[in-house]
Protein chains: 2
Amino acid sequence: MQEEQPDPLTPEVVDLMAALVGVFHKEYEEAAAARSLTGAQAKVLGLLRRGPLPMRQIAQTLSCEPSNITGIVDRLEARGLVERQADPEDRRIKRVAATETGSAATAELRASLNFAREPLAALSQDERLQLRDLLQRMLDQARRQD
Amino acid sequence: MQEEQPDPLTPEVVDLMAALVGVFHKEYEEAAAARSLTGAQAKVLGLLRRGPLPMRQIAQTLSCEPSNITGIVDRLEARGLVERQADPEDRRIKRVAATETGSAATAELRASLNFAREPLAALSQDERLQLRDLLQRMLDQARRQD
DNA sequence: CTGAATATTTGACAAGCTGAACCTTTCTCG
DNA sequence: CGAGAAAGGTTCAGCTTGTCAAATATTCAG
């Protein structure tokens with residue numbers, strides 16, 4: 001809706017982001033596959049890192065329908081990576097919790113993301129600091145707008 | 001395989017990248033959906049921006065099986081966004097070309113990516129320049145490693 | 001000319017995702 | 001209190017994405 005002046009730098013940065021998104025996405029998918037997880041399963045498992053979550057909240061975080069999460073959690077549960085627990089406060093709610101095995105899997109997966117090492121290795125300590133601040137500010141802006 | 005010292009900045013930057021990738025991905029998907037395209041269809045259509053491409057090359061660029069592209073192109077073709085043309089040099093090859101309508105759709109979609117405006121709006125001209133250079137170098141590094 | 005290699009398609013099948021219909025539990029308010 | 005609305009999950013049908021194996025057509029190598 002807003003008609004800004006055409007800063008030639010902006011589309012250029014957007015294309016770079018798009019390319020980086022592609023690289024990141026591919027690497028994530030491969031790291032997951034190496035542990036026989038799909039990308040979606042890895043994402044859900046990753047969300048449980050800080051503790052159990054209700055189905056609904058998982059769906060909300062991933063911007064998808066709750067019915068979709070049912071299937072993904074089914075498959076994770078079938079493999080013993082995750083558990084459904086009843087919420088004592090509200091019996092409608094089922095909290096999904098990572099099992100011991102599940103937690104180990106995500107920790108391992110996160111540690112294996114080479115994306116960290118290789119592309120970032122091209123930057124000096126100072127530049128990483130710069131990059132962090134720039135990204136942080138973009139993200140804040142994005143969150144403010146949603 | 002490489003055991004680097006644990007630079008505390010690196011995982012932090014990786015998490016930021018992951019978050020930004022999430023935002024970007026979501027916005028792309030929504031922009032595509034607003035034109036009744038799926039993400040995959042939009043990606044393929046976007047590749048044809050600079051001219052027709054053989055099926056195989058599309059598959060290679062998107063890192064997926066050629067048989068997958070067949071279906072996506074089928075659906076794009078059914079909607080008149082894309083055409084299969086025979087290659088005069090090698091009759092095994094089918095080149096996929098965006099139609100008039102198809103080109104218009106991608107141009108529009110690209111233009112609509114607000115990701116450009118909003119998060120980047122938080123940065124000054126100078127900072128965008130910095131960001132571009134940092135991203136460019138990361139990407140070069142990532143490509144060198146693949 | 002024959003056999004290997006290449007480009008694409010087809011078919012079967014799993015997973016992701018949506019939307020609508022359906023329980024169960026909780027909340028609201030007359 | 002009790003009836004109906006609302007909220008959390010699940011189920012089901014249907015579509016798209018993606019893989020793998022087999023089949024077809026064309027080109028290439030010797």
Side-chain angles (χ1 to χ4, degrees), chain A residues 22 25-48 52-79 81-97, chain B residues 22 25-48 52-79 81-97:
Chain A
H25 195 272
K26 189 179 157 201
E27 187 160 328
Y28 189 81
E29 208 77 27
E30 283 169 359
R35 284 147 191 87
S36 311
L37 290 172
T38 65
Q41 289 165 4
K43 261 187 237 169
V44 168
L45 206 45
L47 284 184
L48 306 176
L53 287 179
M55 305 286 284
R56 188 116 210 137
Q57 195 164 332
I58 298 175
Q60 218 160 327
T61 308
L62 298 185
S63 309
C64 69
E65 299 299 317
S67 61
N68 186 16
I69 303 299
T70 298
I72 297 175
V73 169
D74 280 352
R75 288 179 278 273
L76 286 172
E77 197 171 29
R79 287 178 49 189
L81 298 172
V82 125
E83 260 181 3
R84 279 169 164 103
Q85 342 178 297
D87 182 318
E89 310 276 314
D90 183 339
R91 286 184 307 175
R92 288 173 300 183
I93 295 178
K94 287 180 190 157
R95 300 191 315 164
V96 186
Chain B
H25 194 272
K26 188 178 157 203
E27 186 159 330
Y28 188 81
E29 210 76 27
E30 283 169 359
R35 284 147 191 87
S36 310
L37 290 172
T38 65
Q41 288 165 3
K43 260 189 239 169
V44 168
L45 206 45
L47 285 185
L48 306 176
L53 288 179
M55 303 287 281
R56 186 150 269 283
Q57 194 163 332
I58 298 175
Q60 219 160 326
T61 309
L62 299 185
S63 308
C64 69
E65 299 300 315
S67 61
N68 187 15
I69 303 300
T70 298
I72 298 175
V73 169
D74 280 352
R75 289 179 278 271
L76 286 172
E77 196 171 30
R79 288 178 48 190
L81 299 171
V82 124
E83 260 180 5
R84 279 170 165 103
Q85 345 179 295
D87 183 316
E89 310 275 313
D90 183 337
R91 286 184 307 175
R92 289 173 300 182
I93 294 178
K94 288 180 190 158
R95 300 191 316 165
V96 185

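Within every chain, numbering begins at 1; the chains are lettered A, B, ... in the order of the sequence lines, protein sequences first and strands thereafter. Quantities reported herein were computed from a predicted structural model and do not represent experimental measurements.
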Atom-pair distance ([atom1] on [X]; [atom2] on [N]), nearest Å:
X	N	atom1	atom2	value
B/Asp87	D/dT26	CG	C1'	12 Å
B/Gln60	C/dT8	CD	P	10 Å
A/Gln85	D/dG9	CD	C1'	16 Å
A/Gln41	C/dA15	CD	P	7 Å
B/Leu37	D/dC15	CG	C1'	15 Å
B/Glu65	C/dA12	CD	C1'	15 Å
A/Leu53	D/dG8	CG	P	14 Å
A/Arg56	C/dT25	CZ	P	17 Å

Looking only at side-chain atoms of [X], point me to the closest of [options].
X	options	answer
A/Met55	D/dT16, D/dG9, C/dC17	D/dG9
A/Asn68	D/dG9, C/dT10, C/dC17	C/dC17
B/Ile72	D/dT10, C/dT8, D/dG18	D/dG18

Under 4.0 Å between a side-chain N/O of [X] and OP1 or OP2 of [N], yes or no?
X	N	result
B/Thr38	D/dT17	yes
A/Arg75	C/dA14	no
B/Thr70	C/dT9	yes

Do [X] and [Y] have side chains that get closer than 4.5 Å, going by heavy atoms?
X	Y	answer
A/Ile72	A/Thr38	no
A/Asn68	A/Leu62	no
B/Ile58	B/Leu48	yes

Of all the heavy-atom pairs spanning [X] and [Y], show the shortest one and how long it is.
X	Y	value
A/Leu81	A/Leu45	O-CD1, 3.8 Å
B/Ala42	B/Ala32	CB-CB, 3.9 Å
A/Asp87	A/Arg95	OD2-CD, 3.9 Å
A/Pro66	A/Arg56	CG-NH1, 3.7 Å
A/Met55	A/Val96	SD-CG2, 3.4 Å

Please assess B/Arg79 against B/Ser36 for the test side-chain contact (heavy atoms from CB on, under 4.5 Å), listing each intermediate value before the final yes or no. CA-CA 11 Å; B/Arg79 288 178 48 190; B/Ser36 310; 3.8 Å; yes

DNA chain D in dot-bracket, Watson-Crick or G-U pairs under 3.5 Å, [ ] crossing, | other strand? ||||||||||||||||||||||||||||||

Check: B/Gln57 side chain, B/Pro54 main-chain N or O, donor-acceptor pair, under 3.5 Å: no

DNA chain D contacts made by residues 88-97 of chain A, counting heavy atoms under 4.0 Å: A/Arg92, A/Ile93, A/Lys94

Polar side-chain contact A/Ser67-D/dG9 base: donor and acceptor under 3.5 Å: no

